[in-house]
Structures are given as structure tokens and as C-alpha cells.
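The structure appears right after this line, and notes come after that.
Order of appearance sets the numbers: ligands from 1, and atoms from 1 within every ligand.
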Amino acid sequence: MKNILVTGGAGFIGSNFVKMMLDAHPDYRIINVDALTYAGNLENLTDIDDNSNYHFIRADIRDRTKMDEIFASCAIDTVVNFAAESHVDRSIVEPEVFLTTNIIGTQVLLDTTKKYWKVNPDDKYCKEYKPGVKFLQVSTDEVYGALGAKGMFVETMPLLPNSPYSASKASADLIVRAYHETFGIPVNITRCSNNYGPYQFPEKLIPLMINNCLNNKELPVYGDGMQIRDWLHVSDHCSAIDTVLHKGLNGEVYNIGGNNEKANIDIVKLIIKTLGKSENLIKYVKDRPGHDRRYAIDNTKITSELGWEPAYTFEQGILETIEWYLDNQVWIANVVSGEYTVYYERMYL
Ligand code: NAD
Ligand code: DAU
């Protein structure tokens, strides 16, 4: 039995993770803490409403009093920190919330874990923790910056983030590392490549292009469309986090990726073809400022040391994802009503 605090569990990856964990570990209790920003959606979780091992608490990870109450009342022994502002384009127009949520929010969680997990919290020299506790920080490959035509990200590379989003995630990684080194908190950091799959908010490339295609709207491709991302199905990211949670060595960083490098324009054309639309919908628009040209993950450490392997090929995953969006048009319709329209107009029109 574990009592796992999942933060940001109403978002895209967090909601997939909560459901996967309840399925894979029926004896674990999941406490999902989410502030329900524009990206948090309880509709992602309706199928587990009746699960007695699942509890939802609406709270902000920056709220110390609330985090304290949750640790005290739920006997939390594991934290998986997904909660974040996650969209690069938004970080370019409104960086501040990225810094407060992604950096300060992480620090508040670390302070709270230190208080509740350390054997003697008042002794600054004590590095002894209750058995079995772990803090897992869900980070991103974007902290490494951009690659040229060759090479891959490895865990030992320096952090060279280029956007306010990736700088805030890199800062959080460094705070997690410092709390491990100074206070001894048992931690892991995971750095995953781009995810796709069900329940992704349509501000991100793949769901945005699917939704626009379905509505015969222009498909806004930044710059020349030749930027490369390394795509991983969300369920493979979730299984990798589960693996690191159980097998990861204390203090270690693990890259997560499935060797699926694709140029943006090729993904857009694949979506157009699958949905039987015309390439005339493509509209090349002004590039994203500070746009990283290429990401690629070297996953040798997690595959060889922890035995994790992705289950999906990109070809299978993308078809299933397009089908999911076709079958869940009510979900998209609800998501794109209200704030999304204001966002879309400000960003693209
Ligand atoms: P998302 O934007 O879909 O979800 C983020 C969730 O966090 C939302 O439910 C939101 O309500 C919640 N949240 C935001 N601020 C909060 C706060 N102050 N307190 C509590 N909850 C708050 O994001 P996602 O794509 O699911 O990403 C989840 C995590 O994974 C992030 O940390 C992100 O950096 C990381 N990540 C994402 C990807 C990707 O491709 N999407 C890849 C690698 C890593
Ligand atoms: O690499 C991991 C990261 O992947 C995560 O840490 C982030 O949370 C996640 O948002 C994602 O960041 P990206 O910036 O790579 O994802 P996004 O879907 O926003 O964009 C993917 C690529 O597509 C990028 O090169 C920009 C381009 N793009 C995106 C949008 C939304 C377009 O050309 N047009 C668009 O309208």
C-alpha cells in the first residue's frame, strides 16, 4: 500500500497516469491535487469517480497551508509532481505564472515532504528519512536546450533552457537536486520528450492540428515546419514513471523517450492525410521566438538500467490518437469553448 500524491492529475499526462496507476496497482491510494487551471479538466477522470482508492482535492501547490494539511491528513509517502504551466507559447506572453507554479510550487512541495518524511525534521544535519518515501519530479527534455542536426540528449549534459517555460522547469530540477544534496530527500527526476495521446489540450501541436483539420480551419505551422521533436505515446511516459518510481536509484535523473524523431510538417501532413483533408489548409506563420530546432532523447540509461521499453510505435499511436479525437468530439467541444477561443484569437489571429 502506498499513498501517492499526484499533483496536476487533472491535466493531460497526470490524468493518464492516475488511471494507469489505479489499474496497475489496485492496492495503492492516489490523492490527486490539482488547481484546475485552464489545462485541468475533471472530465478526463470521470471513469474513476467511483474508485474508493482515488481522491481529488482542488488545491494550488504554491499554497503551503493546504499542502501541509494534505500531507498530515493523507499520510503521503510518495509525490509525483506533474503540476505545472506546460505550454511554451503561453510562457512567451505570460512568463510569471510559469516561475511561481513551476519553481516555487516545487519548492513548497519539497519543504512539505522534508517536514513530514524526515526522521528528525528539526535537526539540519539529519539526512534520515522514513522508509519507502520518494519525491519524483516530472521534468522535460527541453531543459537541455536545442540540438543541431546530430547528437542526442544524455542525462549528464548541462542545462541550457531557451524559453521561460523550459527555464522554469530547469530551475525546478536544480531545486530538487539541491534538496537531495543538502537535506537528503530521496528523489528522482525524469526528463521526457514530447507526448501525444488522448486528453491532450488542443493548444499543443497534435491535438490542435487534428481539431483544426476536423473543422476545416487553417493549420498554423511555425517557420519552415522543419523543427524536430521526439514523440512518445503518453501511456509509455506513464509506464516509464511507474518504473522509475519503483526501480529508480535514489538521486538519479532518467531521460524518457522512444526514438521517434519527426519534423513538424510531416506530422501535420500525416494528420491531413489520415483525416482525408487537403494540404491547402497548411498556413506557414511567423516562427515562435527562441524556437528550439531539434530534440532527441538518448534513452539508454532507463532501458538498460531499469529495463523499461516503450510499447507503442509512432505509427500505431498516432492512428489511435486521431481515432480517439474523432470518437470524443464532445470532450473537445467542451474544452475549446470559453477561454480557449480567447487564447486562440490572441495567439493566431
Ligand atoms: P497540462 O498543462 O496538460 O497539465 C498541467 C496540470 O497542472 C493541469 O491539470 C493544471 O490544472 C495543473 N496545475 C497548473 N498549475 C497548478 C498549480 N499551481 N497547482 C496545482 N495544479 C496546477 O500538462 P501536461 O502536458 O500534462 O504536463 C504535465 C507535466 O509533464 C508538466 O510538468 C510538464 O512540464 C511535463 N512534461 C510534459 C510533456 C508533454 O509533452 N506534454 C513532456 C515532458 C514533460
Ligand atoms: O519536449 C517536451 C515538451 O513538449 C514539454 O515539456 C512541453 O510541456 C510540451 O508542450 C512540448 O513542448 P513543445 O513546444 O515541443 O510542444 P508544442 O506542441 O507546443 O509544439 C511542438 C512543435 O510544433 C514545436 O516545434 C512548435 C510547433 N508548433 C506548435 C503549435 C502549437 C507549430 O508549428 N504550430 C503550432 O500551432
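In this structure, F82 and H237 have perpendicular ring planes: the angle between them is above 60°, well past the 30° mark.
Between D60 and the options R62, R64, R58, a side chain to side chain donor-acceptor pair (under 3.5 Å) holds for only R62. Screening W324, F12, Y325 for a ring-ring contact (aromatic ring centres under 6.0 Å, His included) with Y199, the sole residue that qualifies is W324.
Under the ring pair (Phe, Tyr, Trp, His ring centres under 6.0 Å) criterion, the residue pairs touching residues 30-64 are Y38-F201, with sequence neighbours excluded. Sequence neighbours left out, the pairs with a member in residues 165-191 that pass ring pair (Phe, Tyr, Trp, His ring centres under 6.0 Å) are Y179-F183.
Distance from atom 28 (C) of ligand 1 to its nearest protein heavy atom, with residue and atom name: F82 O, 3.6 Å. Considering only non-hydrogen protein atoms, atom 19 (N) of ligand 1 sits nearest to I61 N, 3.0 Å.
Within the structure, ligand 2 has H291 among the residues with a heavy atom less than 4.0 angstrom away. The closest approach between a heavy atom of E203 and any atom of ligand 2 is below 4.0 Å.
Numbered from 1 in the order shown, with element, the atoms of ligand 1 that lie under 4.0 Å from a heavy atom of F12 read 3 (O), 25 (O), 26 (O). Taking a cut-off of under 4.0 Å to the non-hydrogen atoms of A59, the atoms of ligand 1 that pass are 19 (N), 20 (C). Residue contact check: L36 has heavy atoms under 4.0 Å from atoms 11 (O) of ligand 1. The T37 neighbourhood of ligand 1 comprises atoms 10 (C), 11 (O), 14 (C), 15 (N), with distances under 4.0 Å to a heavy atom of that residue. Ligand 1 places these atoms under 4.0 Å from at least one heavy atom of A83: 7 (O), 20 (C), 21 (N), 22 (C). In the vicinity of N194, heavy-atom distances shorter than 4.0 Å reach the ligand 1 atoms 40 (O). In the vicinity of D60, heavy-atom distances shorter than 4.0 Å reach the ligand 1 atoms 17 (C), 18 (N), 19 (N).
Here the shortest heavy-atom distance to atom 5 (C) of ligand 1, taken over G14, A84, S139, belongs to A84. Nearest-heavy-atom check against atom 16 (C) of ligand 1 across I13, T101, V138 picks out T101.
Below 3.5 Å of separation, one finds no N or O of W231 facing any N or O of ligand 2. At a 3.5 angstrom cut-off on N or O pairs, S193 does not count as close to ligand 2. Checked against a 3.5 angstrom limit, the closest N/O atoms of Y165 and ligand 2 fall inside it. Considering backbone and side-chain atoms alike, P220 places an N or O below 3.5 Å from some N or O of ligand 2.
With a 4.0 Å cut-off on non-hydrogen atoms, N264 touches ligand 2 through its side chain and not its backbone. The part of E142 lying near ligand 2 is the side chain, judged by heavy-atom distances below 4.0 Å. Counting heavy atoms under 4.0 Å from ligand 1, residue K169 touches it through the side chain alone. With a 4.0 Å heavy-atom cut-off, ligand 1 is reached by the side chain of Y165 but not by its N, CA, C or O. The parts of N194 lying near ligand 2 are both backbone and side chain, judged by heavy-atom distances below 4.0 Å. The proximity of K169 to ligand 2, defined as any non-hydrogen pair under 4.0 Å, does not occur for either the backbone or the side chain. Looking at R62 against ligand 1, only its side chain comes within 4.0 Å, counting heavy atoms.
Under a 4.0 Å N-O distance rule, the pair E252/R191 does not qualify as a salt bridge. A salt bridge is absent between K115 and D122: the closest approach of a Lys/Arg side-chain nitrogen to an acidic carboxylate oxygen does not fall below 4.0 angstrom. Contact check on R229 versus E142 returns no salt bridge, with no Lys/Arg side-chain nitrogen under 4.0 Å from an Asp/Glu carboxylate oxygen.
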